[in-house]
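Quick caveat: nothing in here was measured; it's all calculated off a predicted structure.
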Amino acid sequence: MKRIFLTIAIAVGLISCGNNSQQANKPTSQQVDCHDHDHDHNHDHDHSAHEHQHSATCNHDHDHDHHNHDHSDHSHQAAVHSHDHGDDAITFSVEQQNKIDFEVVETVSEPLYQIIRTSAQIIPSQEGEKILTATTSGIVSFENKDIVPGLDVKSGQTLFSIDNDNMADGSLAVRRQEIEAEYNKAKSEYERKQSLAEDKIISESELLDAETEYLKAKKQYENMLQNYPEGKTLHRASITGSIKDILVPNNSYVEAGQPIMTLAQNGKLYLRADLQQKYYPILKDIKTANIKTPDGTVYSLNDLSGRLISYGKSTDVSNPLIPITFEIKNNGSIIPGSFVEIFITAESDKMGIMLPNTAIVEEMGIYCVFVQTCVDSFEKRLITKGVTDGYNTQILAGLKAGEKVVSKGAINVKLAQGSAALDPHAGHVH
């Protein structure tokens, strides 16, 4: 019985010693956040308390060599507390963000638009273009050497003259003499009838007829003096704008009615595009349009005070496309006759995510964005693009609503990714 008691006592002592050792080695749970912090993990384990004092009555050999608690290799994974934000995380500090134009937007699910992307031509509006034609046959002469395409002109400014004084037929000199003679004759007749009317020799109606003829002849004569001096016809700008085209060489012969010059008033312009017939059902739902000029600048229809004028309701054999026309105000950077890229948007019942184009980065034909996972940590995310309206692009796959994406400065985050890949010590480890 005594031997059984001693065996039980030894077993209890060994179990107690093991429990104390486990309590000493149990690590403390620590929370990892996304901020820099230092941890002083000096684990000095005093094991003097684990010395087993045994009564002399327990007369047995109790070898504690196998209870050697060597803590020199005691590695605490949580205590080291090394977090890299993940193997693929990109560190871009707040200090770096503050040095550039940096912005993060939260993705939302919003109504999408049907977008038609095509090319369009800028053309002058109907009231914004005037053609000056020759009113008589003769030799055209420009007013000065600065009369060239692109020259700004003011309404009433003399641009060219036509000299036909030496023409065999329709000479202005002869015509001027005729008009002057008719004027002098009408004037004399009117003055004579004024005297007769005072003596009651003629009726009042005869005097009025003479006055009418006189005033008509006077108007023609004054017009001749103003517009046909010395046998020349003067042609003036009918609008304030610029010279678009010069259709004849200087000092060349022209016929009456021949176009000489085209003036353009570029304050108001038309934007015309031709669409495929498959888009016809959605044209009635058009809301707006964005325009991308050859230099890469994008303007909305609102930026240019624009509006939809009309779209074609039918096609023909020679041109099966559907024309659509917008009216815009020229802001000084749009050239009539040039071609632009246009993004026509129409209403849709679909929902999805739209991102600014500046958030999307291309890498060898693959598109990605950078999702913010922490204030200074970002994750590269591959996406599938949809259509664009010139400002924003639909995201078909790769993102979900509520995620934060770099919308400005994405290229800088990409460069930070490249520098981290080159530097083995650039990981966010502390």
Side-chain angles (χ1 to χ4, degrees), residues 120-165 167 170 172 175-176 179 219-220 222-274 291 293-294 299 301 304-312 323-340 342:
Q121 187 176 23
I122 306 295
I123 58 178
S125 60
Q126 293 181 354
E127 70 271 19
E129 190 169 290
K130 301 293 182 181
I131 299 177
L132 302 183
T133 59
T135 56
T136 185
S137 300
I139 305 299
V140 64
S141 176
F142 296 152
E143 184 66 14
N144 56 60
K145 63 181 180 179
D146 295 328
I147 302 297
V148 293
L151 177 69
D152 292 332
V153 298
K154 295 182 178 180
S155 179
Q157 177 182 342
T158 300
L159 299 178
F160 61 91
S161 62
I162 298 178
D163 185 358
N164 76 341
D165 192 32
M167 297 292 106
L172 284 177
R175 180 59 181 159
R176 179 176 178 177
I179 292 176
K219 184 66 176 177
Q220 289 180 341
E222 289 176 347
N223 182 61
M224 173 65 77
L225 294 178
Q226 181 180 359
N227 296 314
Y228 304 93
E230 300 178 356
K232 295 181 180 180
T233 306
L234 299 183
H235 290 72
R236 296 180 174 86
S238 55
I239 59 173
T240 297
S242 63
I243 299 175
K244 178 183 177 182
D245 291 313
I246 296 178
L247 306 174
V248 299
N250 191 24
N251 296 321
S252 62
Y253 173 78
V254 296
E255 296 283 352
Q258 181 177 342
I260 306 298
M261 191 177 294
T262 303
L263 305 181
Q265 193 175 45
N266 296 331
K268 187 183 295 184
L269 301 170
Y270 286 153
L271 184 66
R272 179 190 166 107
D274 292 316
I291 303 164
T293 57
Y299 300 99
L301 209 59
L304 303 175
S305 302
R307 63 189 180 96
L308 173 65
I309 297 293
S310 65
Y311 60 87
I324 182 170
T325 304
F326 296 89
E327 181 185 83
I328 59 174
K329 183 179 180 181
N330 192 356
N331 62 358
S333 62
I334 300 177
I335 304 174
S338 64
F339 284 86
V340 297
I342 185 171

Any idea which heavy atoms bring P336 and L269 closest together, and the distance?
-> CG-CD2, 3.8 Å
Using atom types as modelled and distance alone, determine if a side-chain donor or acceptor of Q121 lies under 3.5 Å from a backbone N or O of G337.
-> yes
What are the two closest heavy atoms between N250 and S141, and how far apart are they?
-> OD1-CA, 3.3 Å
I324 and L308, any side-chain heavy atoms less than 4.5 Å apart | yes
If you round to the nearest 0.5 Å, how far is CD of Q265 from CD of E129?
-> 11.0 Å
Heavy atoms of V254 and A134 approach each other most closely as CG2-CB, 3.9 Å
Would you name the heavy atoms of S161 and L234 that are closest together and state the gap between them?
-> CB-CD2, 3.7 Å
Closest non-hydrogen atom pair, L159 against I147 | O-CG1, 3.9 Å
Residue L247 excluded, over 12 heavy atoms near CG under 6.0 Å = yes
What distance do D146 atom CG and D152 atom CG have between them, rounded to the nearest 0.5 Å?
-> 12.0 Å
In Å and rounded to the nearest 0.5 Å, what is the CD1 to OG distance from I123 to S338?
-> 11.5 Å
With side chains defined as the heavy atoms from C-beta onward, is the minimum distance between R307 and F326 less than 4.5 Å?
-> no
Is the F142 ring parallel, tilted or perpendicular to the F160 ring (thresholds 30°, 60°)?
-> perpendicular
Is there side-chain contact between I334 and I291, with at least one heavy-atom pair below 4.5 Å?
-> no
Donor-acceptor under 3.5 Å (S137 side chain, A256 main chain) | yes
Do Y299 and N331 have side chains that get closer than 4.5 Å, going by heavy atoms?
-> yes
Report yes if some heavy atom in the side chain of V153 is under 4.5 Å from a heavy atom in the side chain of T240; otherwise report no.
-> no
Tightest non-hydrogen contact, residues S238 and L263, listed as N-CD1, 4.0 Å
To the nearest 0.5 Å, how far apart are OG in S252 and CD1 in I139?
-> 7.0 Å
Indicate yes or no: does D274 engage R272 in a salt bridge with an N to O separation below 4.0 Å.
-> yes
Got P124 and K244 here, is their nearest side-chain heavy-atom distance under 4.5 Å?
-> yes
Which distance, rounded to the nearest 0.5 Å, do you find between the CE of M261 and the CD1 of I246?
-> 4.5 Å
Considering only heavy atoms from C-beta outward, does the side chain of L271 approach that of I122 to under 4.5 Å?
-> yes
Polar side-chain atom of S125 near backbone of K268 as donor-acceptor pair, under 3.5 Å = yes
Less than 4.5 Å apart, any side-chain heavy atom of V140 and any of Q258?
-> no
State the CG-CZ distance between L132 and R236, to the nearest 0.5 angstrom.
-> 12.0 Å
